[in-house]
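By convention in this document, chain letters (A, B, ...) are assigned in the order of the sequence lines, proteins followed by strands, and residues within each chain are numbered from 1. Just the heavy atoms: all of them, side chains too, but no hydrogens, waters or symmetry mates, feed the values below.
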Amino acid sequence: MRMSQVFSRTLREAPSGADSKGYELLLRAGFIQQLGAGIFSLLPLGLRSVRKIERVIREEMDAIGGQELLMPVINPADIWKETGRYYSIDKEMSRFQDRVGRDMVLAMTHEECVTDIARNEIDSYKRLPQLVYQLQTKWRDDPRPRAGLIRVREFTMKDSYSFDRDYDGLVKQYKAHYRAYFRIFSRCGLPTIAVGSDSGMMGGKVAHEYMYLSPIGEDTIIMCPECGYTANRQVATFVKTYYEEPMKSLEEVATPDCKTIEALSQFLHIEPRMTAKALFMVGTFIDATSGEEQNRLIVGIVRGDMDIEENKLQNVAKANALRPAHPDEIKAAKIEPGYGSPIGAAKDVVVVVDDSVAASNNLVGGANKEGYHYRNTNYGRDYNGVVADIASAADGYACPQCGKPLSQSKGIEVGNIFQLGTRYSDSLGCTFQDEDGQRKPVIMGSYGIGVGRLLACLAEEYNDEAGLVLPLPVAPYQVHLVSLVKDSDIGDQLYQELCQAGIEVLYDDRKESAGVKFADADLLGVPIRLTLGNRSMKEGKIEVKLRKNLQQTLSIDLNDPVVQTKAIIDSLQKEVDDEVVEKTLS
RNA sequence: CGGGCAGUAGCGCAGGGGCUAGCGCACUUGGUUCGGGACCAAGGGGUCGGAGGUUCAAAUCCUCUCUGCCCGACCA
């Protein structure tokens, strides 16, 4: 490709609002352009990178037996009503009606569609196992898109779906994905870790997320440096210490202006761990068959030295959605905000008690009276509720596997894998006849990779002051040919030669100064730069620089450029191949 | 959905009742330069996000509205 004809142009200054380095550079290099909030066009350079990522994905999916198909973005709402997600998913899924008034949705994922296909195709155990995948546009009306391609509303996703006759088969396909995903990300050059995760709206039990660790990430990952335990904070557990002692009798105590645990413990001269903290949320419960909605107040109780993990609370309460309760909603349940506890609360509130509280005694808790707390509150005696782990893991807490201190860091989720089980085959009636003659639901798995987000993470990982430094397998071109000589014939000829040899060349044939050309080459970040200039040509050489190390200058012979260029490409490719991560799930 | 900020040339920004709306970069033409974002000269490009209002006069003040960004809620 000749630079003089490239559709996009480079920007000298970062557009305002480009808050992360990677996003800024993708914009400045002309890889992407924004159309609306969370809606981006991929320009030719960006699309070339995306196509390369997609090729890696296809190769690895094919390698584990995947068959590519393509499902429609627009679905009749019927199948979404069958699984209940038409009702349980809120505004994140966009809906409309066609001309005759039929309910339609923009599919935000394809479990419904693929299960519908499978129930027509799969009738016998002889047709299992199966694995299909697609690279398809998803629309999710995220309430808050941000950070360029990291969190968007329209995006391309690789999603695959496995079908098995039993759980052993599912586990096998799950493990195949576990390994394939590490291969995909590492082949693209992106370092990732797999963490245990919540299954969220997907349903199912076992799930992993692939995280690219980055300070701009929105997920918090809890890790144990000692034994390798990793989990999303949403599900991460830790070892709690309990404080058991003989129960003492309940005692009201005046605690003016003690609306926080900090103020309370200072006022009473006690440690936060001797208090119980209450969090009030309103949970929305949606009946999956009728779509009927009901709101109930949820009280989460955790010991004062910990925080509540809202995701855990939501799961335990089995709510479809949670939001903080308004003070008047709390009061309506006979609870006093700031001095609240389940003691004496209305009957219809859902009380969830962290095991740290249930197993500790004589904690200070709210008296549901402005300015007063109780000493010696005890679960089981003074109030009841569901006991579960709803505490949020954090830096320094004890690892659930080895007891050593945990650490936390931020990450971006680039992929995930779920063991769905029969969540969708049950509700959509996707069954097969097994060897024993019985009809059984197909066992499913679902596996996703955000393609654009992967590119965004790569841009985040690979850059320097001057621009992008993309690895060879995902760079839009392999070679950037910069011609600084007036006589364009030499450059044109070299360009032709390289192209004919199958090398992907970006050829800067513009009538620009050397500085402009180098600056653009730095910005675009094509891994290998060939510079055609008088300096080296006098010696019959072409100057070579690798984008990732501009200090070092190499050279190849002017009269035999193709073979030597190919050798450099091969060596860069080999560097990546040597780093391909092989990890298996035990 | 709450809180904050911002919409003026392709990009980054200035101007905040008064004549023809400006600067840098980018763009066009001519010339000089030619290995790290060159120089000189001459140009082109704007219904100042939209609607309504106040005023002799509105990019500027007021009201409404749309859009984008940031924080939070939210989020596979």
Side-chain angles (χ1 to χ4, degrees), chain A residues 8-20 23-24 27-28 30 33-39 85 88-93 108-111 138 140-148 150-153 155 157 159 195 197-204 207-211 216-220 232 234-235 281-282 284 310-311 314 320-326 412-418 420 423 446-450 453 465-467 482-487 508 510-523 529 531-538 543 545 550 553:
Chain A
S8 58
R9 60 173 163 187
T10 56
L11 299 173
R12 198 175 288 206
E13 284 173 289
S16 65
D19 40 1
S20 79
Y23 178 28
E24 175 195 324
L27 286 168
R28 284 187 52 211
Q33 201 177 101
Q34 184 171 14
L35 180 63
I39 307 176
R85 288 209 289 185
S88 63
I89 297 173
D90 199 28
K91 289 180 184 157
E92 198 181 347
M93 182 161 71
M108 41 193 292
T109 174
H110 282 82
E111 281 78 15
K138 302 280 190 272
R140 294 182 188 180
D141 198 356
D142 192 301
R144 191 170 164 210
R146 70 183 86 167
I150 300 284
R151 194 169 149 185
V152 291
R153 296 195 293 170
F155 58 100
M157 183 176 188
D159 44 329
V195 309
S197 74
D198 184 43
S199 50
M201 73 166 181
M202 306 297 302
H208 283 87
E209 289 170 338
Y210 287 75
M211 293 287 183
I216 67 166
E218 296 187 88
D219 285 288
T220 301
N232 193 309
Q234 293 179 329
V235 296
M281 307 290 289
V282 170
T284 307
E310 286 177 24
N311 188 70
Q314 181 176 340
N320 293 80
L322 282 191
R323 63 164 170 81
H326 299 297
I412 301 167
E413 179 191 352
V414 289
N416 55 35
I417 54 179
F418 291 106
L420 293 177
R423 162 73 179 84
S446 136
Y447 318 84
I449 291 176
R453 186 179 277 187
E465 282 310 300
V482 179
S483 173
L484 301 178
V485 291
K486 278 199 211 76
D487 178 6
D508 198 341
R510 298 174 301 173
K511 291 179 176 40
E512 288 288 352
S513 70
V516 170
K517 291 183 176 183
F518 285 135
D520 277 344
D522 292 347
L523 177 58
R529 181 181 313 168
T531 306
L532 211 48
N534 295 324
R535 205 186 269 175
S536 54
M537 273 166 61
K538 272 187 291 194
E543 184 181 295
K545 283 193 179 196
L550 293 176
T553 305

[N] phosphate, OP1 or OP2, under 4.0 Å from [X] side-chain N/O:
| X | N | result |
| --- | --- | --- |
| A:Gln234 | B:rC75 | no |
| A:Ser16 | B:rG12 | yes |
| A:Ser513 | B:rA38 | yes |
| A:Arg323 | B:rC1 | no |

Between [X] ([atom1]) and [N] ([atom2]), how many Å, whole number?
| X | N | atom1 | atom2 | result |
| --- | --- | --- | --- | --- |
| A:Arg12 | B:rA38 | CZ | P | 6 Å |
| A:Phe518 | B:rC34 | CZ | P | 16 Å |
| A:Asp219 | B:rC74 | CG | P | 14 Å |
| A:Glu13 | B:rG12 | CD | P | 8 Å |
| A:Ile216 | B:rC71 | CD1 | P | 11 Å |
| A:Asp19 | B:rC5 | CG | P | 19 Å |
| A:Asp520 | B:rG35 | CG | P | 17 Å |
| A:Gln34 | B:rC70 | CD | C1' | 13 Å |

Just checking [X]: base, sugar-phosphate only, or nothing, at a heavy-atom cut-off of under 4.0 Å?
| X | result |
| --- | --- |
| A:Leu322 | sugar-phosphate |
| A:Gly533 | base |
| A:Lys486 | base |
| A:Arg510 | nothing |

With rounding to whole Å, what would you report as the distance between [N] and [M] at their [atom1] atoms?
| N | M | atom1 | answer |
| --- | --- | --- | --- |
| B:rA38 | B:rA58 | C1' | 43 Å |
| B:rC66 | B:rG52 | C1' | 14 Å |
| B:rG72 | B:rU29 | P | 49 Å |
| B:rU60 | B:rG16 | P | 13 Å |
| B:rC13 | B:rA59 | C1' | 15 Å |
| B:rG12 | B:rG3 | C1' | 27 Å |
| B:rC39 | B:rC25 | C1' | 16 Å |
| B:rA9 | B:rG24 | P | 16 Å |

**Item:** Charged N-O contact under 4.0 Å between A:Arg85 and A:Glu111
**Value:**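 So A:Arg85 pairs with A:Glu111 through a salt bridge.
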
**Prompt:** So, A:Arg153 and A:Asp141, do they make that salt bridge, N to O below 4.0 Å?
**Reply:** yes

Nearest to side-chain heavy atoms of [X], which nucleotide of [options]:
| X | options | value |
| --- | --- | --- |
| A:Asp522 | B:rC69, B:rG36, B:rA26 | B:rG36 |
| A:Leu484 | B:rA73, B:rG68, B:rG35 | B:rG35 |
| A:Glu218 | B:rC11, B:rG36, B:rC74 | B:rC74 |
| A:Glu512 | B:rC27, B:rA73, B:rG36 | B:rC27 |
| A:Arg151 | B:rG68, B:rC74, B:rG35 | B:rC74 |
| A:Pro15 | B:rG12, B:rC74, B:rG35 | B:rG12 |
| A:Ala514 | B:rG37, B:rC74, B:rG36 | B:rG36 |
| A:Ser536 | B:rG12, B:rG35, B:rG72 | B:rG35 |

**Fill in**
Any stem touching RNA chain B, meaning at least three consecutive Watson-Crick or G-U pairs under 3.5 Å, ordered by first number, would be B:1-7 with B:66-72, B:10-13 with B:22-25, B:27-32 with B:38-43, B:49-53 with B:61-65

**Message:** Nearest heavy atom decides the nucleotide; on that basis, is A:Leu550 or A:Glu310 closer to the 5' end of RNA chain B?
**Reply:** A:Leu550

**Prompt:** Relative to the 5' end of RNA chain B, which residue comes earlier, A:Thr531 or A:Met157, by the nucleotide with the nearest heavy atom?
**Reply:**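 By nearest-heavy-atom nucleotide position, the 5'-most residue is A:Thr531.
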
Do [X] and [Y] make a side-chain contact, defined as non-hydrogen atoms from C-beta onward lying under 4.5 Å apart?
| X | Y | value |
| --- | --- | --- |
| A:Arg144 | A:Arg151 | yes |
| A:Asn534 | A:Leu484 | no |
| A:Lys138 | A:His110 | yes |
| A:Thr531 | A:Phe518 | yes |
| A:Arg453 | A:Met157 | no |
| A:Gln34 | A:Tyr23 | yes |

**Prompt:** Is the base of B:rC69 touched by the side chain of A:Arg144 through a donor-acceptor pair closer than 3.5 angstrom?
**Reply:** no

**Prompt:** Below 3.5 Å, does any donor atom in the side chain of A:Arg28 face an acceptor in the base of B:rG37, or the other way round?
**Reply:** yes

**Asked** Is there a donor-acceptor contact under 3.5 Å from the side chain of A:Arg28 to the main chain of A:Leu11?
**Response**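 Yes, A:Arg28 side chain to A:Leu11 backbone: donor-acceptor pair under 3.5 Å.
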
**Message:** So which atom in A:Asn232 and which in A:Asp219 form the shortest heavy-atom distance, rounded to 0.1 Å?
**Reply:**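 Smallest interatomic distance, heavy atoms only, reads ND2-OD1, 3.4 Å.
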
